[in-house]
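This report concerns only the one structure given below.
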Amino acid sequence: MIRGQTKAGGGAGEVVIWGASGHAKVLAECIAPLGYRVAALFDNRAILGSPLPGVRVYRGWEGFEDWRRAHGGRQKFLVAIGGDRGTDRLEIHDRLEAAGLTPMQAIHQTAFVATNATLGPGSHVLANSTVGVETRIGKQCIINTNASVDHECVLGNGVHVAPGAILAGCVEIGDCVLVGAGAVVLPRIRVGAAAVIGAGAVVIADVPARTTVVGNPARPLRKAAA
Ligand SMILES: CC(C)(COP(=O)(O)OP(=O)(O)OC[C@H]1O[C@@H](n2cnc3c(N)ncnc32)[C@H](O)[C@@H]1OP(=O)(O)O)[C@@H](O)C(=O)NCCC(=O)NCCS
């Protein structure tokens, strides 16, 4: 298991975070006990005031280039963009990596990650969440506060399992899916890429790609264009 990558000792140092919203605060709190300090924040939006006291927010890729000119090296980075924006997380990940930075995982001290689970680069496993035995999680995924991803689940890249959501065993989730807060996905269900599971939904049947489902039992609300 690659959990040790976030432990202090050897790897401790400076981290930059793309996304200057509440999720940046969550990540900063997660990595602080591991000996990491947030050196800079970046955001495409004009941000009034930094979410992290004393840490400057640079605007967009232009701001990143300014910061980069003054700071060489292979600093670690995290992407703090939640919701259903997995595609944005993946794009930013690739661009920061291409600029010479190193993706970092953030695993909260209170999270349980099975020793034989795997977690892709840049993914987050937040407070009190669970990643079960033989589960495979892709790149830039968020297993949010108090979420549970049980045994032998397979998650693609850019997936967000929101706070309190539960994936039972052997669930398969495609790229860039949002599983809304408190949703439950029953065992062996397959959810197609870019689908959205509404908050509190109970998913008892497979969900096609790009489809939003809500309710108990979950029913389609809409399907996005390909
Ligand atoms: C499902 C969801 C994506 C739909 O959002 P939306 O497209 O803006 O939908 P709307 O708010 O316009 O609602 C459309 C209809 O669906 C219903 N609806 C929306 N979300 C619902 C939910 N979670 N469960 C049941 N019904 C829901 C609305 O009541 C509305 O019904 P109506 O047409 O009969 O009035 C959103 O409500 C949701 O649940 N997102 C998950 C948020 C989340 O957990 N984020 C994690 C943050 S860490």
Side-chain angles (χ1 to χ4, degrees), residues 17-31 41 43-45 47 51-52 78-93 105-108 110-113 119-120 122-131 137-150 153 155-168 171 173-186 189-226:
I17 299 181
W18 194 288
S21 60
H23 200 67
K25 296 183 188 184
V26 172
L27 292 178
E29 189 278 336
C30 178
I31 63 175
L41 289 157
D43 204 297
N44 284 330
R45 302 161 302 164
I47 301 288
L52 301 177
L78 291 162
V79 183
I81 297 175
D84 61 356
R85 295 180 58 199
T87 308
D88 292 342
R89 279 201 302 285
L90 290 166
E91 190 187 314
I92 291 164
H93 177 114
Q105 298 171 333
I107 304 177
H108 198 272
T110 61
F112 168 77
V113 181
L119 186 66
S123 287
H124 315 153
V125 183
L126 301 180
N128 291 319
S129 61
T130 297
V131 175
I137 293 175
K139 168 171 148 180
Q140 279 298 337
C141 290
I142 303 171
I143 311 304
N144 219 319
T145 311
N146 218 23
S148 176
V149 179
D150 218 303
C153 286
L155 278 57
N157 299 322
V159 174
H160 182 180
V161 184
I166 295 173
L167 306 185
V171 166
I173 305 279
D175 291 344
C176 301
V177 166
L178 167 64
V179 182
V184 177
V185 183
L186 296 194
I189 295 290
R190 293 176 181 196
V191 179
V196 175
I197 312 293
V202 177
V203 181
I204 65 168
D206 291 354
V207 177
R210 303 184 308 282
T211 302
T212 298
V213 298
V214 296
N216 178 8
R219 305 265 186 232
L221 182 64
R222 75 173 71 85
K223 180 162 185 172

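None of these values were measured; they are calculated from a predicted model. These values consider heavy atoms only, across backbone and side chains, with no hydrogens, waters or symmetry-generated copies. Numbering starts at 1 and runs along the sequence shown. We count ligands from 1, going down the list as the structure has it; atoms in each ligand are counted the same way.
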Seminar exercise, completed: Sorted by chain and number, sequence neighbours left out, side chain to side chain donor-acceptor pair (under 3.5 Å) with Arg45 holds for Asp43

May I have every N or O pair linking ligand 1 to the protein at under 3.5 Å, one per line with atom names and distance?
from: ligand 1; atom 1: 7 (O); to: Arg222; atom 2: NH1; distance (Å): 3.0
from: ligand 1; atom 1: 7 (O); to: Arg222; atom 2: NH2; distance (Å): 2.8
from: ligand 1; atom 1: 23 (N); to: Ala199; atom 2: N; distance (Å): 3.3
from: ligand 1; atom 1: 23 (N); to: Ala199; atom 2: O; distance (Å): 2.9
from: ligand 1; atom 1: 39 (O); to: Ala199; atom 2: N; distance (Å): 2.8
from: ligand 1; atom 1: 44 (O); to: Ala181; atom 2: N; distance (Å): 2.7

Exercise. For Pro220, what residues pass the side-chain contact (heavy atoms from CB on, under 4.5 Å) criterion, not counting sequence neighbours?
Worked result: Thr211

Exercise. Just wondering, are more than 12 heavy atoms of other shown residues or ligands nearer than 6.0 Å to CZ in Arg210?
Worked result: yes

Exercise. So, for His124 and His108, is the gap between ring centers shorter than 6.0 Å?
Worked result: no

Problem set entry | Residue pair Ile143 / Ile137, side-chain heavy-atom distance below 4.5 Å |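 When only atoms from C-beta onward are counted, Ile137 and Ile143 do touch, with a gap below 4.5 Å.
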
For this session: With sequence neighbours left out, write down each residue that passes ring-ring contact (aromatic ring centres under 6.0 Å, His included) with His160, or none if nothing qualifies.
Result: none

